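One structure below.
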Amino acid sequence: MKLLIEKSVPGRRSHYLEPGDVPQKKVPDKFRRAKPPILPEISETELCRHYSALESRTFGVNDGFYPLGSCTMKYNPKINEKVSSLPGFTGLHPLQPASEVQGILKAIALTADYLKEITGMDHMSFTPAAGAHGELCSLMMFKRHFETKGEKRTKVLVPDSAHGTNPATVSMCGMESVNLPSNAKGCVDMDELRAAIAANKGQIVGIMLTNPNTLGIFEEDIEEITRLVHEEGGLCYYDGANLNAIAGTIRPGDMGFDCVHLNLHKTFSTPHGGGGPGCGAIGCKDFLHEYLPTPILTREENFLEISEQGDKTIGRILSFYGNILVVLRALSYIMSYGGNGIPLMSKHAVLNANYLQHRLSERFAMSNTGLCMHEFVMSMEKEAAEHNVTAKDLAKAMLDHGMMAPTIYFPLIVKEALMVEPTETEGKETLDQVADDYNRLYDEAMANPEKFVKHPQNTPIGRPDEVLAARKPKVVW
Ligand SMILES: *Cc1c(COP(=O)(O)O)cnc(C)c1O
């Protein structure tokens, strides 16, 4: 596809501005560029067609089933967009005095109250811009906590099923990850946990845990895990990216966690995937709140204000108070579902995942044979070994058929993994259609593996070198 600049024809215009009636001032020579900038000159028709063509090449939740495991690509009700784009919110400036913006501050405080109730935490902060950013803040808070107590601790327990951002966060905080191998079921192995604690006595900052974990399984020994870490003086961090499975039913605070991040852009209705603004809201227990990033929302009598934190804070991590329109969508989402709707949402997510897992388990090997939570992981290990058909081949075939492929090659502990998260917003007809499509592609692959691995044929790019594409992207014309 040609770029706008390549479609440019000198003299073409797509604006119809009247000549101005304000006297022109000449920009002083020292500020003028030597040559005019190279900008595309294009008609409005061509401009519209260009963006329309780009749009039709993307795939979003509005186009079809989007089962990207670990990402919770649910449908986001339009009412939440409407609420977050009310001019009373979008017309505000973050430097306005608090007396003029009590409304939005009240909305933020209310969202914090709901999320405290959902997570079982005592305080919330909306400053982190993403889940990984929330992890970083929380671990910096843990670090500050031990510094204040005069304890030198540097080791963080991280299960081998963890999202890559967990060990990355540990490194960025100048700490060291201690890898916790999973047991055969894919859960934290309690013997390994005890051994890791014993081997690192007095050095353990804490544990970072996702529950349900990235295999879509609820950690059965969760209370014992947090008890053991606390007994050793460590703290417990809950990666809340999978909250979609349990919201309104069970709370991280009650499982024994001290700090949690929520991906408001996953669980609580903000479209994501293209790198748009997000919010990795963090919640913490009372004893950690002095370390929260600055600024914080404070309330005196009934007057709300965004105030600087005390001197124990980990500091400022983003300008102003974060991506507030994401917070407003979460508020609208929580209020429109209500106290009975939120747990039902999670139960439907779990039901949908189990239904689809069941419909696929005749052909596909599952990483876990029992019931799953909101997602499940299939493995193409056997097919790869016996027929040379990999998870990637299946994913590429799906793209050729206009389908969005699930997450592949994550979690790392499952070979040839395909991680499917249907979410609660899909109906039975869609799930049945998807099951038929996956099963049909599977049969095609087994019937003719040589032909199957030639997918994709119909996509703009086929199989790029993924490392080069990520490390050395060619983004300039
Ligand atoms: C998505 C995800 C993260 C990171 O969140 P971002 O908002 O993408 O930074 C962390 N942990 C898990 C389990 C996730 O799925």
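Heads up: numbering here begins at 1 and tracks the sequence. Source: prediction; values computed, not measured. Order of appearance sets the numbers: ligands from 1, and atoms from 1 within every ligand.
Looking at His133 against ligand 1, nothing comes within 4.0 Å, counting heavy atoms.
Here the CE atom belonging to Met255 is positioned 10.5 Å from the CD atom belonging to Glu219, to the nearest 0.5 angstrom. Rounding to the nearest 0.5 Å places CE of Met121 at 9.0 Å from CE of Met124.
Remark: aromatic rings of Tyr238 and His261 are distant, center separation not under 6.0 Å. The distance between the ring centers of Phe364 and Tyr442 falls below 6.0 angstrom.
Interface of Ala241 with ligand 1, defined as ligand atoms under 4.0 Å from a residue heavy atom, comprises 2 (C), 11 (N), 12 (C), 13 (C), 14 (C), 15 (O). Of all atoms in ligand 1, listed by their number and element, those nearer than 4.0 Å to a heavy atom of Ala132 are 4 (C), 5 (O), 6 (P), 9 (O). Against a heavy-atom cut-off of under 4.0 Å, His265 is close to the following atoms of ligand 1: 7 (O).
One N or O on the side chain of Gln309 and one on the backbone of Leu292 form a donor-acceptor pair closer than 3.5 Å.
Shortest non-hydrogen contact noted between Tyr333 and Asn80 is N-OD1, 3.4 Å.
The shortest N/O to N/O separation between Cys71 and ligand 1 does not fall below 3.5 Å.
Lys266 NZ, 1.5 Å is the protein heavy atom nearest to atom 1 (C) of ligand 1. The single protein non-hydrogen atom nearest to atom 11 (N) of ligand 1 is Asp239 OD2, 2.6 Å, given as residue, atom name and distance. Atom 15 (O) of ligand 1 has as its closest protein heavy atom Ser70 OG, 2.6 Å. The protein non-hydrogen atom at the shortest distance from atom 6 (P) of ligand 1 is Gly131 N, 3.4 Å.
Partner of Ser269 under the side-chain contact (heavy atoms from CB on, under 4.5 Å) criterion, out of Pro77, Ser336, Ser332: Pro77 alone. With Arg329 as the fixed residue, the side chain to side chain donor-acceptor pair (under 3.5 Å) test singles out one of Thr111, Asn76, Thr270: Thr270.
Closest heavy-atom approach to atom 5 (O) of ligand 1 within the set Asn263, Leu262, Thr214: this belongs to Asn263.
For the pair His272 and ligand 1, no heavy-atom separation below 4.0 Å is found.
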